[in-house]
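So the structure is just underneath, and the comments pick up after that.
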There are 2 protein chains.
Amino acid sequence: MPEKLTEQDRRLLDALQENCRLSNQELAERAGMSTSACWRRVRALEEAGLVRRYSALLDIEKSGLGFQAIVHVTLTRHDHRHVDTFIAEIRRRSEVLDCYSTTGEADYHLRVVCRDLAAYNRFLEDFLFRLPGIANVRTNLVLKDIKQHSAVPVQTGPG
Amino acid sequence: MPEKLTEQDRRLLDALQENCRLSNQELAERAGMSTSACWRRVRALEEAGLVRRYSALLDIEKSGLGFQAIVHVTLTRHDHRHVDTFIAEIRRRSEVLDCYSTTGEADYHLRVVCRDLAAYNRFLEDFLFRLPGIANVRTNLVLKDIKQHSAVPVQTGPG
DNA sequence: CAAGAATCGGTAAATTCTACCATATTGAAG
DNA sequence: CTTCAATATGGTAGAATTTACCGATTCTTG
């Protein structure tokens, strides 16, 4: 369990975020450490939960998902039962890639992908609109992915 | 270059999204194919650009980023020069993890992570507010990550 | 300084990757 | 239907990698 992340940790995490299928040898080389130390360190970072998982990031359009939207959802003021079912149902639906609870006008920001507009319409009518306690839904179509980095700028200082 | 994705492709991509460090053997087993065929297929999916990259997904808080916000940005109507610099600068800044151009009230939806509120304030004052052509910026603090799946529900049908 | 704990780099066995093979399957043309 | 070419298939062996363990070194702590 790394209390503080070292500069080497940061380099390891940067490299693994860029390409997590690097061999341990190449990883060690980039981070400037021996293969043994590198292997141990990576394990420690995994077990500390710093690395949530290793994932293949797909091209969303080539995967057959032509439709993408940012959806702002507001719930009726705030019955806990409704909040819990909302969260549980959102987590269950594979079309919802991300969901954040936020301050501001909307309670939740979702990112939803579907095959096409028709599929999104079904998502709304058959699923989202039918959840209990939904007060307002506002859809913003995604015109273009400007940036999808998903690589976190790891902080190394007093952590 | 897969014209249509097969059911096996879909299973491969699902498995790789869940854990891209599975051994080729285990991958082949899950997708119900021989190791040779599996290895070739994965290569093909990579070369077709369906797999953008393999990445370690980090725990954002454990990485030292305690502050997260969804930021809505509107540009003054729409000078192309301003749009281009805006996009280029946004791509340069590591605090901006995602950025989508959207329909609706705001032109762009950003997700920004920083060490703390002070760092975010610097991001705004020293960077975002100084970009040319910014008409409006609205910040929504992220209270809680409800879901960060980042695994795309791959479509296998007529693609 | 001395004792204990933690970390280091190196090593070897087990596993895995990767390129190649001969065979089987597919698709088109005669 | 048959033939031929093109493609896909499963198996295999050498190369590379992973992974657990070793003694040696460094770092704490009293």
A:E26 CD - C:dC17 C1' separation (whole Å): 15 Å
Qualifying residues under ring-ring contact (aromatic ring centres under 6.0 Å, His included), relative to A:F86, sequence neighbours excluded: A:Y108
Separation of atom CD in A:Q25 from atom C1' in D:dA15, rounded to whole Å: 12 Å
Angle of first-five versus last-five pair axes in the helix from C:dC1-D:dG30 to C:dG30-D:dC1, to 10 degrees: 40°
Short side-chain donor-acceptor distance under 3.5 Å, B:E46 and B:Y54: yes
Among C:dC8, C:dC17, D:dT18, the one nearest A:N24 by side-chain distance: D:dT18
Throw together a table of side-chain donor-acceptor distances under 3.5 angstrom for residues 11-19 of chain A, partners on residues two or more places apart or in other chains.
residue	atom	partner	partner atom	Å
A:D14	OD2	A:R10	NH1	2.6
A:Q17	OE1	A:V152	N	2.6
A:Q17	NE2	A:V152	O	2.9
A:N19	OD1	A:R21	N	3.0

Pairs touching residues 136-146 of chain A that satisfy salt bridge (charged side-chain N to carboxylate O under 4.0 Å, His left out), sequence neighbours left out: A:E105-A:R138
Atom-to-atom span, CZ of B:R43 to P of C:dC20 - whole angstrom: 12 Å
Integer-rounded Å distance: C:dG9 P and A:E29 CD: 14 Å
Electrostatic pair B:D98:A:K147 at N-O distance under 4.0 angstrom: no
Whole-Å distance separating the CE atom of A:M33 from the C1' atom of C:dT7: 11 Å
Over-ring placement of A:R93 relative to A:F127, 6.0 Å and 45° cut-offs: yes
Donor + acceptor pair across side chains of A:Y100, B:Q148 (<3.5 Å): yes
Under-3.5 Å N/O pairs linking protein and nucleotides 10-12 of chain C:
residue	atom	partner	partner atom	Å
C:dG10	N7	A:S36	OG	2.6
C:dG10	O6	A:S36	OG	2.8

All pairs passing salt bridge (charged side-chain N to carboxylate O under 4.0 Å, His left out) where residues 47-64 of chain B contributes a residue, at least two apart: none
Steps toward salt bridge (charged side-chain N to carboxylate O under 4.0 Å, His left out) verdict (A:E26, A:R30): CA-CA 6 Å; A:E26 185 145 352; A:R30 291 198 191 184; 3.5 Å; yes
Length of the CH2-P vector between A:W39 and D:dT18, whole Å: 10 Å
A:S23 vs B:C38, nearer the 5' end of DNA chain D by closest nucleotide: B:C38
Which residue lies more 5' along DNA chain C, comparing A:R21 with A:G32 via nearest heavy atoms: A:G32
Distance, rounded to the nearest Å, where A:L27 contributes CG and D:dA16 contributes P: 19 Å
Atom-pair distance (CG on A:L22; P on C:dC17), nearest Å: 15 Å
